[in-house]
Amino acid sequence: MSEGSEGIDHAVVVGAGVAGLLAARVLAERFARVTVIERDDLPEGAAPAFRAGAPQTRHVHILWSRGVAALDALLPGVVQELAAAGAVRVDAPERMRWLSPADWFTGVRGAFYLSVSRELLETTLRRRVLDRPSITLMDRHEVTGLVPAPGGTAIGGVRLRRRGKDGQESSVRAGTVVVATGRGSRLADWLPGIGCPAPVTERIDAHLGYSSRYYRRPAADPGWQAMYVQGNPGTPRGGVIVPIDGERWLVTLIGQGDHVPPVEEKAWLAFASSLRSPELADALTEAEPLSDVVAFRATANEWTHVERVPRWPRGLLVIGDALCRFNPVYGHGMTVAAVEAQVLAGEIAGYGPGEVAARARRTQRALAACPRAAWAIATGEDTRYPGTDGPVPGRLTRIQQDYMARVLAAANTDPVVAGAFFEVLSLNRRPETLLTPRIAARALRRRR
Ligand SMILES: Cc1cc2nc3c(=O)[nH]c(=O)nc-3n(C[C@H](O)[C@H](O)[C@H](O)COP(=O)(O)OP(=O)(O)OC[C@H]3O[C@@H](n4cnc5c(N)ncnc54)[C@H](O)[C@@H]3O)c2cc1C
């Protein structure tokens, strides 16, 4: 069954996560109608709540300053709204206890991030984006494939199935389709169905596991807002405490390979006590748990290189985690999604719906550049660990890793290096900026 008579001036976004919502907001500038199709049930006006389609939301999610700026540019005033609802701005490392893989950060300034539950962030974004009359949410529908336009060189829409007992199948016509289906994206299966070769996915897996739990934020001020005890190749286990809305702490323990953190309470607390510093476990002894521990394990870095696919169909775009997903410890996925939405806005500015569809390949190439810095940071670090699956680092990579270790060690106490380091970590500047003679001289002066 075909639903509706929408065509070229209708855009469909598949997935109502951060990437999909921001893409819908941008497309609404150029299309008469935008439909966001989401398989989860997202009742209008509902309070922030967990949903099965985004299982990562129960784990620490920070939004670096670059992402905060992008979000506010796309949805003016949204950051203020989030702050009013309990999101916390954390100046890192000034207001954090932060043990890096080298040493504690002390006496240096860095960047800031917004710490907020993913549930509150998404609910706020959803409300702001769906506020526009031209954007409609079609929830409880799972997209099952792409539909080619007659002739086969362009996207004609999507096939979908209603969730629930009847599982009714239908299709929606659209001139442009943006796939924002996240980490579990089925795009590689969908492309051959419309005559496109499946894209190659680059994969580097450090076998990192998360186990997280909510706590009531203690009334007594511990003298810091957040805490991060990082692992290193000698002790590949760490933990992080961040303040979130609802006067809560979200606490995530992190480990690699044989060191993945457990979920059983006693073992989880014992894991917290086994980190490189006892400070995190000490902080938890005074705090009241509000939930059980939950785990997340699928954390590989994966980059689906759709920009290299020959015969890319007119009207198809891929964004967010469906395009590239990172080891989450660096906290970059949402920031990259927000930057991609800004790049999308720039690429389609001034064009009508037909031209937006016709320029899809060019736009996709521009989007493919967005994950580069975050990918370099995550994979550069992950390939240090012997248990990581992926290409073995060559000599050049090892030299870069050694240099980065020196930069990090210097950043612990040198304000100039720390400033440059956090500009890169927050994705405000490119990693190459750490190679300037000024930074190199300060980094190399130090012994590791
Ligand atoms: C454990 C963990 C911790 C993280 N921590 C951070 C962090 O600190 N900071 C940060 O910036 N990023 C973090 N990330 C990354 C972040 O979650 C993502 O990058 C971000 O959510 C953008 O994702 P997205 O919108 O592309 O996908 P998602 O948020 O996963 O949304 C995809 C949406 O598509 C829907 N969907 C999927 N398939 C279909 C279909 N066939 N039909 C209809 N709907 C469909 C899903 O239900 C879901 O709603 C973390 C990730 C993980 C796994």
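Positions are given from 1 along the sequence.
Trp249 places a side-chain heavy atom less than 4.5 Å from the side chain of Ile241. The shortest side-chain heavy-atom distance between Ile377 and His332 falls under the 4.5 Å cut-off.
Between Glu423 and Arg430 there is no salt bridge, since none of the side-chain N atoms of the basic residue sits less than 4.0 Å from a carboxylate O of the acidic one.
Applying the side chain to side chain contact (heavy atoms under 4.5 Å, CB included) test to Arg186 and every residue at least two apart in sequence or in another chain returns Asp189, Trp190. With sequence neighbours excluded, the residues that form a side chain to side chain contact (heavy atoms under 4.5 Å, CB included) with Glu355 are Tyr351. With sequence neighbours excluded, no residue forms a side chain to side chain contact (heavy atoms under 4.5 Å, CB included) with Gln80. Partners of Thr123 under the side chain to side chain donor-acceptor pair (under 3.5 Å) rule, at least two apart in sequence or in another chain, do not exist in this structure. Not counting sequence neighbours, the partners of Pro197 by the side chain to side chain contact (heavy atoms under 4.5 Å, CB included) test are Val309, Pro310, Arg311.
Taking the six-membered ring where the residue is Trp, Tyr228 and Trp98 present tilted rings, their angle falling between 30° and 60°.
Residue Arg359 places its CZ atom among more than 12 non-hydrogen atoms of other residues, nucleotides or ligands, all under 6.0 Å distant. The 12-atom threshold is exceeded at CZ of Arg127, counting heavy atoms of other residues, nucleotides or ligands nearer than 6.0 Å.
Pairs passing the salt bridge (Lys or Arg N to Asp or Glu O under 4.0 Å) check and including a residue from residues 199-213, sequence neighbours excluded, read Arg203-Asp205, Arg203-Glu302, Arg213-Glu265.
Both tests hold for Arg58 against Phe50: distance to the six-membered ring centre under 6.0 Å, angle to the ring axis within 45°.
Here the two rings, on Phe105 and Phe422, have centers that are under 6.0 Å apart.
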